[in-house]
Amino acid sequence: MTHRNNFGFLRLLFATLVIISHSAELIDGNRSREPLTNLFGVLSFGELAVDAFFLISGYLVVQSFERSDSTLSYLMKRIRRIYPGFLVAYIACVFVVAPLVGNDLTIMSFGNLAHVIFDASTLHEPPRVFGFADLPYPSLNGSMWTIQVKFRCYLLVVFFGLTGIYRIKWMLAAIAIGLLCLVAIKFQPSALPVIGEPYNLFRFFGIFCVGSFFYLSRDSIPYNAKLAAVTAAALIVCLYSSRLAEAAFAIFGGYLLFWFALHVKSTVLQTINAKDDISYGAYLYAWPIQNIIIYFFEIRSRGFHRGVAHDHADDLRSLHQGDDFQ
């Protein structure tokens with residue numbers, strides 16, 4: 001049955017924007033050719049697309065929580081949504097892509113393998129020591145780190161739901177605004193062992209909360225084309241500001257996104273990516289596929305075969321101190 005909204009189309013669109021955004025920069029590390037950055041000088045299409053994913057998740061995941069029979073039922077749905085695709089992509093990156101680009105996995109010890117399994121189960125990105133040697137962005141999958149943050153947002157929903165915050169919309173709005181203000185002032189405390197980089201948590205938690213607020217206020221927010229036009233104009237102005245761009249996209253972009261998803265009626269758009277959502281797979285596999293193409297093109301253009309096994313013995317010795325697998 002086709003959903004009568006455009007969320008499927010939007011998910012696929014934003015996954016495509018991530019691919020477009022990475023295409024030039026992965027080649028030589030030069031971001032100046034990225035289309036949106038070149039236009040506004042702040043956000044890239046990739047950053048905007050990931051923000052949009054968190055807005056959509058904030059809306060739909062709170063809906064899922066409300067409609068679930070229990071907290072356990074909700075969590076099981078979230079686990080089924082995230083883990084199977086992530087684990088398959090993780091295994092493919094480590095045991096297919098890494099050897100394909102010259103990494104020698106035979107020097108991996110049992111302890112290293114245990115570390116890989118632990119990182120996969122906690123939704124970390126694949127180990128960087130088995131990456132794309134000599135490329136500007138050598139990570140096996142530099143997009144995967146956002147998945148752990150998204151799952152933390154799923155847990156945040158449980159906390160907010162059980163503590164009653166979702167019944168007090170002004171409190172949710174205050175939390176969202178507070179987090180986005182921290183992003184606006186570029187508040188970047190040092191990374192913490194379990195939490196990681198707090199700035200990214202502020203950013204994505206804030207955007208996720210905005211999406212949740214749009215869901216909880218769905219019956220009181222007026223959606224129409226005139227307001228959408230005014231909102232779009234405000235967003236364009238704010239995108240030129242490095243301090244306001246993220247918050248503006250969360251609020252103004254959120255209005256445009258949910259207006260388009262729920263109030264722009266198009267039978268064609270409603271059928272695109274609606275039955276079998278491929279956007280998650282496109283997001284998970286785009287980075288390694290793009291880097292594989294660049295890697296082998298570089299080999300062919302330079303006329304030599306590069307191997308990286310000679311570096312790994314020293315790299316793997318450092319893994320017991322936690323290096324490179326974080």
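- Side-chain contact between Glu25 and Arg33 is absent, with no heavy atoms from C-beta onward closer than 4.5 Å.
- Val183 and Ile177 sit in two unconnected hydrophobic clusters of ILVMFWY residues. Membership requires side-chain heavy atoms under 4.5 Å apart, directly or through other members.
- Under the 3.5 Å distance criterion, the side-chain polar atoms of Asp119 are left unmatched by any main-chain donor or acceptor of Glu125.
- Between Leu179 atom CG and Phe187 atom CZ the span is 11.5 Å, to the nearest 0.5 Å.
- Here the straight-line distance linking atom CD1 of Ile165 with atom CH2 of Trp170 works out to 10.0 Å at 0.5 Å rounding.
- In this structure a side-chain-to-backbone donor-acceptor pair under 3.5 Å is missing from Tyr137 to Gly142.
- Residues satisfying the side chain to side chain contact (heavy atoms under 4.5 Å, CB included) criterion with Leu87, sequence neighbours excluded, are Tyr83, Ala120.
- In this structure, the side chain of Lys275 does not engage the main chain of Ile272 through any donor-acceptor pair within 3.5 Å.
- Considering only heavy atoms from C-beta on, Leu155 comes within 4.5 Å of Leu75 through its side chain.
- With hydrogens and angles ignored, the 3.5 Å screen pairs a side-chain donor or acceptor of Tyr280 with a backbone N or O of Ile82.
- Looking at Asn291, its side chain never comes within 3.5 Å of a backbone N or O of Phe132 through a donor-acceptor pair.
- You'll find the side chain of Val264 reaches within 4.5 Å of the side chain of Trp259, heavy atoms only.
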side-chain contact (heavy atoms from CB on, under 4.5 Å) evaluation trace for Asn273 with Ser279: CA-CA 8 Å; Asn273 198 44; Ser279 60; 4.1 Å; yes
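- Put simply, the side chain of Trp287 gets close to the backbone of Ser139: a donor and an acceptor are under 3.5 Å apart.
- Listed by first then second residue, pairs satisfying side chain to side chain donor-acceptor pair (under 3.5 Å) with a partner in residues 208-220 read Glu66-Tyr215, not counting sequence neighbours.
- For CG of Asp69, the number of neighbouring non-hydrogen atoms (other residues, nucleotides, ligands) closer than 6.0 Å is 12 at most.
- Side-chain contact between Leu26 and Leu135 is absent, with no heavy-atom pair separated by less than 4.5 Å.
- No side-chain donor-acceptor contact under 3.5 Å links Glu246 to the backbone of Leu180.
- Nearest heavy atom pair, residue Arg31 against residue Val42, reads NH2-O, 3.2 Å.
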Leu100 and Phe296: side-chain contact (heavy atoms from CB on, under 4.5 Å), yes or no, with the steps? CA-CA 10 Å; Leu100 185 64; Phe296 283 104; 4.1 Å; yes
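- You'll find the side chain of Tyr166 reaches within 4.5 Å of the side chain of Val62, heavy atoms only.
- Shown here for Phe45 and Glu34, the closest heavy-atom pair between the two residues is N-OE2, 2.8 Å.
- Note that CD1 of Ile147 is 8.0 Å distant from CG of Leu123, once rounded to the nearest 0.5 Å.
- Note on Ile117 and Met108: same hydrophobic cluster, where clusters join Ile, Leu, Val, Met, Phe, Trp and Tyr whose side-chain heavy atoms are under 4.5 Å apart, directly or indirectly.
- Across all non-hydrogen atoms, the minimal contact from Arg4 to Lys265 is O-NZ, 4.4 Å.
- Between Phe151 atom CZ and Thr122 atom OG1 the span is 11.0 Å, to the nearest 0.5 Å.
- Remark: Asn38 pairs with no residue by the side chain to side chain contact (heavy atoms under 4.5 Å, CB included) rule, at least two apart or across chains.
- Using modelled atom types, no side-chain atom of Glu197 and backbone atom of Asn200 make a donor-acceptor pair closer than 3.5 Å.
- Two residues are said to be in side-chain contact when any heavy atoms from C-beta on lie closer than 4.5 Å; Tyr283 and Thr146 meet this criterion.
- Pairing each heavy atom of Tyr255 with each of Leu227, the nearest pair is OH-CB, 3.2 Å.
- By the 4.5 Å heavy-atom criterion applied to side chains, Leu257 and Phe214 are not counted as neighbours.
- Pairing each heavy atom of Val210 with each of Ala250, the nearest pair is CG1-O, 3.2 Å.
- Two residues are said to be in side-chain contact when any heavy atoms from C-beta on lie closer than 4.5 Å; Met76 and Arg80 meet this criterion.
- Linking ILVMFWY residues whenever their side-chain heavy atoms come closer than 4.5 Å, directly or via other members, leaves Leu244 and Leu182 in distinct clusters.
- Ser68 contributes no side-chain N or O that, together with a main-chain N or O of Thr71, makes up a donor-acceptor pair within less than 3.5 Å.
- A cation-pi contact, defined as under 6.0 Å to the ring centre and within 45° of the axis, is absent between Arg152 and Phe208.
- A donor-acceptor pair is defined here as one N or O able to donate and one able to accept, closer than 3.5 Å; no such pair exists between the side chain of Ser241 and the backbone of Cys238.
- We find the CG-CZ distance between Leu235 and Phe40 to be 7.5 Å, quoted to the nearest 0.5 Å.
- Counting non-hydrogen atoms of other residues, nucleotides and ligands closer than 6.0 Å to OH of Tyr240 gives a total above 12.
- If you look at Phe54 and Phe205, their ring centroids are not closer than 6.0 Å.
- Transitive grouping of hydrophobic side chains (ILVMFWY, heavy atoms separated by less than 4.5 Å) brings Leu72 and Ile79 into a common cluster.
- By the 30° and 60° cut-offs, the orientation of the rings of Phe9 relative to Phe260 is tilted.
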Could you give me the CA-CA distance, side-chain angles and deciding distance for Phe7 and Leu262, then say whether side-chain contact (heavy atoms from CB on, under 4.5 Å) is met? CA-CA 8 Å; Phe7 281 123; Leu262 300 167; 3.8 Å; yes
Determine, step by step, whether Tyr74 and Val157 satisfy the side-chain contact (heavy atoms from CB on, under 4.5 Å) criterion, reporting the C-alpha distance in whole Å, the side-chain angles of both residues, the deciding distance to 0.1 Å, and the verdict. CA-CA 10 Å; Tyr74 159 80; Val157 169; 3.4 Å; yes
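- In terms of the salt bridge (charged side-chain N to carboxylate O under 4.0 Å, His left out) criterion, residue partners of Arg11 (sequence neighbours excluded) are, by chain and number, Asp277.
- Residues passing the side chain to side chain contact (heavy atoms under 4.5 Å, CB included) test with Ala184: none are found, sequence neighbours excluded.
- Taking hydrophobic clusters as Ile, Leu, Val, Met, Phe, Trp and Tyr residues chained together by side-chain heavy-atom distances below 4.5 Å, Phe249 shares a cluster with Ile185.
- Rounding to the nearest 0.5 Å places CG of Leu17 at 12.5 Å from CD of Glu47.
- For Tyr90 against Met144, the heavy-atom pair with the smallest separation is N-CE, 3.5 Å.
- Take Arg167 and apply the side chain to side chain contact (heavy atoms under 4.5 Å, CB included) test, not counting sequence neighbours, and it matches no residue.
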